[in-house]
2 protein chains.
Amino acid sequence: MRPTVHDIAAAAGVSLATVDRVLNQRPGVRHITREKVENAIRQLGYIRDVAAANLAKGRTYPLVFILPASDNSFMHGLNAEIRQAILRSPVERTDIRTIEVPAFDPSALVSVLEGLSRERPCGIAMVATDAPDVRAAVDRLVRERFPIVTLVSDLTGSLRHHYAGVDNIAAGRTAARLLGRFLGPRKGEIAVLAGSMLVRDHRERLEGFTAVLAEEFPDLAILPVLEGRDDPEVAHRLVTDALSRNAGIVGVYSLGAGNRGLIRALKAKAVDRTLTVIAHELTAHTRAALLDNTIDAILNQDAGHEVRSAIRVLKAKADGLAVIEAQERIRLDIFLKDNLP
Amino acid sequence: MRPTVHDIAAAAGVSLATVDRVLNQRPGVRHITREKVENAIRQLGYIRDVAAANLAKGRTYPLVFILPASDNSFMHGLNAEIRQAILRSPVERTDIRTIEVPAFDPSALVSVLEGLSRERPCGIAMVATDAPDVRAAVDRLVRERFPIVTLVSDLTGSLRHHYAGVDNIAAGRTAARLLGRFLGPRKGEIAVLAGSMLVRDHRERLEGFTAVLAEEFPDLAILPVLEGRDDPEVAHRLVTDALSRNAGIVGVYSLGAGNRGLIRALKAKAVDRTLTVIAHELTAHTRAALLDNTIDAILNQDAGHEVRSAIRVLKAKADGLAVIEAQERIRLDIFLKDNLP
DNA sequence: GATTTTTTGATTTACGTACATCAAATTTGG
DNA sequence: CCAAATTTGATGTACGTAAATCAAAAAATC
């Protein structure tokens, strides 16, 4: 049977109250007594029953999700997953609130973070915008002992406890290899459609992509990046233009959102030629395009996994518990038309 | 605040004891009283606090994992993950026991299943061997209200509650498309190395593989399947022979275990030619082979996810709770050298 | 050595549920 | 209508932990 606080008290030769003081780091325990208790805890292998503790404390986990106010399928999906998580709140003892901030606006994000310092949630998940001020604000909160995880977009170099998202450099590299291998011996140019080079994840994907293409597929040249602002209309125009102007395009890598426009452009322009296309994010549109061979592969991150993982990690950090690293690794999904979920 | 049994009792105008009798389906409640209580439960949206209930009951979840006694990397990995889960037992209130049965031996599996009917674990996870007797035994246990999930290898047509494993037909189809696309315009023959055609997952992978190859890559012909019995030595011999005898081989699909032998054969025999190779299961060997370009892609199922998912599902079923379907879907991982974990 | 301060013990209540017991009320059968 | 059976209520204890109170003991200070 698992040891309880009573067993610890008995083993350490102290009272229950003292064990409680040690366990919950309350004051008024002499150093040597504290050590006696800690030894007993270690020797008996005591593990606090978190469920019982939460019951006694009436604990809930107030969590805050900070999201950019972006109007694209991925963010909509992320929001939907957070709503699902809110529905599970009673069971998981969470109390989740989302805050929308203007996209690509570091100062807005910083002021929200500063506001949270007063609200004192027990955990913060945020889609990071990569800027020094944001990093500083995050570090400040971490030093104030707030658990913080970045979601989808990381803030490297900051003190955030965890990143719930995919490795975007690896994603870009994978896209390049798939494209290169699918094209085989063919030579030509590659069009890259991004949202904005101001976003870290897009920059990283491009970085990985160009690196592998340069190293291993020297016959494929990357055209200047098209910045579609994750907007289907803009994407449509840019891709249509590029295809018209450049007959040597053999492949397309769409590393951001706004794929609806890309797909429309491809269907109109590329009926005759055989383009190889890799896109990010599985949505109703990209799924259909994959099935009708307009797109050859989709790279995806599962927003549901990211949200659930962020919640698990924040709760664990709030309780000072360990996380199962392998479980919390967000994988890059590669979908061909055969393995769609 | 979440409603409690007290709120239900007050709302239904009955005593706590009666609410308890209804909740735990104890006898001695008139039909109309039971309905009053059930209405109150529905109206207040009462959800039993599983943590508190488990605390009160001193509940643990005795689970049994039934595994084939196969000596290959994947099964070793699966075992290791189960051991990890056992380490988490105190926290998760599980009590996990594994039973090894001879591989490919339906009757051994059936007798183990029958034995469990007396032991009464609160859930069973099993790597199924596909046979009518096994199906019958599983169905019998399900009718006796045992939660059962199949692990890695499914038992379609049975009443098992859940399958924690990948869609092997999809895996085979994916392998075929990757191979076909990687080979591009090249024509030639494809060698397929399987463990045994007696195993359902191998049969299904082959089925998916041949289907896509036939439909979409008619220039690629499949050679007679090599049955390596998941044994590196046998695999080595078979692949070496095949490569010697057949100069037209342009690709290899290894859908089972024993990849160590395959890799050795490839390195010895295929230095001169450019084979495209797709293999299953990420192990130290296949990982190294992927990195040194001996293998082009690895399809993988994450044993850790499968084990954790099986445990979550069994616990939920034992408590009569819903599972998050999307969370429990085991994905087919596709690894290129760029997105290795 | 007396006094103050700090540390420790003993005890109680609470969290939400399970489960057991016994008494009281209600229904059913004869 | 009475007895027997069934249904319901009231109450208490338990699970493992948190948190509070007050008394007692020990240590530190003068």
Tell me whether the side-chain N/O atoms of A/Arg30 come closer than 4.0 Å to OP1 or OP2 in D/dA27. yes
Just distance, no hydrogens or angles: give the donor-acceptor pairs under 3.5 Å from side chains in residues 136-147 of chain A, sequence neighbours left out.
| residue | atom | partner | partner atom | Å |
| --- | --- | --- | --- | --- |
| A/Asp139 | OD1 | A/Leu159 | N | 2.8 |
| A/Arg140 | NH1 | A/Glu114 | OE2 | 3.3 |
| A/Glu144 | OE1 | A/Ser117 | OG | 3.1 |

Whole-Å distance between D/dC15 P and B/Arg93 CZ? 12 Å
Under a 4.0 Å heavy-atom cut-off, which of residues 3-24 of chain A touch DNA chain C? A/Gly13, A/Val14, A/Ser15, A/Ala17, A/Thr18, A/Arg21
Atom-to-atom span, NZ of B/Lys57 to P of D/dT13 - whole angstrom: 22 Å
Nearest whole angstrom, please: distance from the P of C/dT7 to the NE2 of A/His31. 13 Å
Tell me if a side-chain donor or acceptor on A/Thr60 pairs with a main-chain N or O of A/Arg93 at a distance below 3.5 Å. no
Would you say the side-chain atoms of B/Thr94 pair up with the backbone N or O of B/Ile96, donor to acceptor, closer than 3.5 Å? no
Could you tell me whether B/Gly58 contacts a base, only the sugar-phosphate backbone, or nothing, with contacts defined as non-hydrogen atoms closer than 4.0 Å? nothing
Check each residue of residues 38-55 of chain A for a non-hydrogen atom within less than 4.0 Å of any atom in DNA chain C, then write out the ones that pass by number, or none. A/Leu55
When you measure from the side-chain N and O atoms of B/Arg26 to the phosphate of C/dC19, is any distance below 4.0 Å, counting only OP1 and OP2? yes
With no hydrogens and no angle check, is any side-chain donor or acceptor of A/Asn24 less than 3.5 Å from a backbone partner on A/Arg26? no
B/Lys315 side chain to B/Glu92 main-chain N or O, any donor-acceptor pair under 3.5 Å? yes
Hey, are B/Asn300 and B/Arg331 close enough side-chain-wise for a donor-acceptor pair under 3.5 Å? no
Can you see whether B/Ser107 engages B/Asp105 through a side-chain donor-acceptor pair at a distance of less than 3.5 angstrom? yes
Using atom CD of A/Gln25 as one end and atom C1' of D/dT17 as the other, report the distance to the nearest whole Å. 15 Å
Residues A/Arg59 and A/Asp319 bridged, charged N to O under 4.0 Å: yes
Separation of atom CG in B/Asp319 from atom C1' in C/dA18, rounded to whole Å: 14 Å
B/Arg34 and B/Asn39: side chain donor to acceptor below 3.5 Å: no
